[in-house]
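Below, all heavy atoms of this structure are taken into account, side chains as well, without hydrogens, waters or symmetry copies. For this chain, numbers begin at 1 and follow the sequence in order. Indexing begins at 1, ligand by ligand and atom by atom, following the structure's order.
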Amino acid sequence: MDKKQFKFLREKMVSDHLASRGINDPKVLQAFREVPREIFVSESIQKYAYQDSPLSIGEGQTISQPYIVALMTELLEVKPADKVLEIGTGSGYQAAILLNMGAKVFGVERYAGLAGQAKEKINSLGYTIKIKIGDGTLGWREFAPFDKIVVTAAAPQLPQSLLEQLAAGGRLVIPVGSRFSQELTIVAKKGKDEFSLKAVCGCVFVPLIGEEGWDEHS
Ligand code: SAM
């Protein structure tokens, strides 16, 4: 497939899977029109890049389905120059969407191979990102506080470190629940220890493995 065909499929994804399912924010829709999802998966599966489904990215991990990435992005209410911490950078696609919207993105990924490829692909689009290899359940204290935090793996509970590293007035979007099904949850931080929670919908993510997440061997 050539660039023109991917562009056509990208437009179709935005209208058929995002706009028609309630993603309204024009800045979010524009980002999905501009960021090429196909470069974030291996060449052999690029033809499936604009299906509304997760795809394998290696290490037993996935790039999330476009609708969920769009929903999480919309729920974050990203503004240009927001400092956004993304836990579970994986392929780098969600980070590229946030960068396209003008956010400064700090990514944490536990697999070095995925983190390296994500950085390379993001740079190839002309964006820059800071990526740390490690346990994102502990956040990234050195650069805290963050205006927004997005967690793209399933947490058993809200990680305390992330609550602490969220700025007052900030938002955390995170799937919380069991290893096999979760509620996509928005946490709004009002003051130092004051939070409000809202469950948005059911979802299924790969587990968030780490000190304040799931045990790797459980
Ligand atoms: N946002 C990604 C994208 O756009 O491709 C989706 C990533 S995938 C659904 C979830 C990612 O979370 C995986 O790459 C996995 O390795 C990572 N992960 C799981 N636990 C983690 C942790 N404690 N810290 C950092 N990354 C973690």
Thr73 and Gln94 side chains, donor-acceptor separation under 3.5 Å | yes

Taking N or O atoms only and a 3.5 Å limit, does Gly136 qualify as a polar contact for ligand 1?
-> yes

Please confirm whether Lys189 makes a cation-pi placement over Phe195, using NZ or CZ under 6.0 Å from the six-membered ring centre and within 45° of the ring normal.
-> no

Do any nitrogen or oxygen atoms of Ile209 come within less than 3.5 Å of a nitrogen or oxygen of ligand 1?
-> yes

Region of Ala118 engaging ligand 1 - heavy atom pairs below 4.0 Å = neither

What is the closest protein heavy atom to atom 3 (C) of ligand 1, and at what distance does it sit?
-> Ser91 OG, 3.4 Å

Element-labelled atoms of ligand 1 that are located less than 4.0 Å from some non-hydrogen atom of Gly134 = 24 (N), 25 (C)

Sidechain-backbone polar pair: Glu212 side chain, Gln160 backbone, donor-acceptor under 3.5 Å = yes

Thr89 contact mode with ligand 1 (heavy-atom cut-off under 4.0 Å) | backbone

Could you list the residues that satisfy salt bridge (Lys or Arg N to Asp or Glu O under 4.0 Å) with Glu74, not counting sequence neighbours?
-> none

Tell me, which protein residue and heavy-atom name are nearest atom 17 (C) of ligand 1, and how many Å apart are they?
-> Glu109 OE1, 3.4 Å

Is Phe205 close to Ile68 at the side-chain level, that is, under 4.5 Å between some pair of heavy atoms?
-> yes

Shortest non-hydrogen pair, Asp82 vs Lys148, comes out as OD2-NZ, 2.7 Å

How close does the nearest protein non-hydrogen atom get to atom 26 (N) of ligand 1, and which residue and atom is it?
-> Arg110 N, 3.3 Å

Is Lys4 salt-bridged to Asp2, going by a charged N under 4.0 Å from an acidic O?
-> no

Looking at Glu216 and Arg110, does any basic side-chain N land under 4.0 Å from a carboxylate oxygen?
-> yes

Electrostatic pair Arg21-Asp16, nearest N-O below 4.0 angstrom | no

Look at the rings of Phe143 and Phe106 and say which category their plane angle falls in: under 30° parallel, 30 to 60° tilted, over 60° perpendicular.
-> tilted

Look at atom 19 (C) of ligand 1 and say which protein heavy atom is nearest, naming residue and atom and giving the distance to 0.1 Å.
-> Pro207 O, 3.5 Å

Atom indices of ligand 1 within 4.0 angstrom of Leu114 heavy atoms, with elements = 14 (O)

Using a strict cut-off of 4.0 Å, indicate which atoms of ligand 1 neighbour a heavy atom of Ile63.
-> 5 (O)

Considering distance alone, does some N or O of Tyr111 sit under 3.5 Å from an N or O of ligand 1?
-> no

Indicate yes or no: does an N/O atom of Asp135 lie under 3.5 Å from an N/O atom of ligand 1?
-> yes

Just let me know how Glu86 lines up against ligand 1, side chain, backbone, both or neither, with a heavy-atom cut-off below 4.0 Å.
-> side chain

Using a strict 4.0 Å cut-off to heavy atoms of Val108, name the atoms of ligand 1 that fall inside it.
-> 25 (C), 26 (N)

Flag, side chain of Gln51 to backbone of Ser53, donor-acceptor distance under 3.5 Å = no

Work out whether the distance between some heavy atom of Pro54 and some atom of ligand 1 is less than 4.0 Å.
-> no

Does ligand 1 have an atom that lies less than 4.0 angstrom from a heavy atom of Ser64?
-> yes

Can you find an N or O of Gly88 that's nearer than 3.5 Å to an N or O of ligand 1?
-> yes

Donor-acceptor pair, Trp214 side chain versus Ser178 backbone, under 3.5 Å?
-> no

Under 4.5 Å between any side-chain heavy atoms of Tyr50 and Glu38, yes or no?
-> yes

Nearest protein heavy-atom contact for atom 10 (C) of ligand 1: which residue, which atom, what distance?
-> Thr152 O, 3.2 Å

Okay, side chain of Thr185, backbone of Glu183: is any donor-acceptor separation there less than 3.5 Å?
-> yes

Where is the nearest protein heavy atom to atom 4 (O) of ligand 1: which residue, which atom, and how far?
-> Gln94 N, 3.1 Å

Quick one: look up the protein heavy atom nearest atom 6 (C) of ligand 1 and list residue, atom name and how far away it is.
-> Thr62 O, 3.5 Å

Atoms in ligand 1 with a heavy atom of Thr137 nearer than 4.0 Å = 23 (N)

Atom 15 (C) of ligand 1 - nearest protein heavy atom and its distance | Gln61 OE1, 3.3 Å

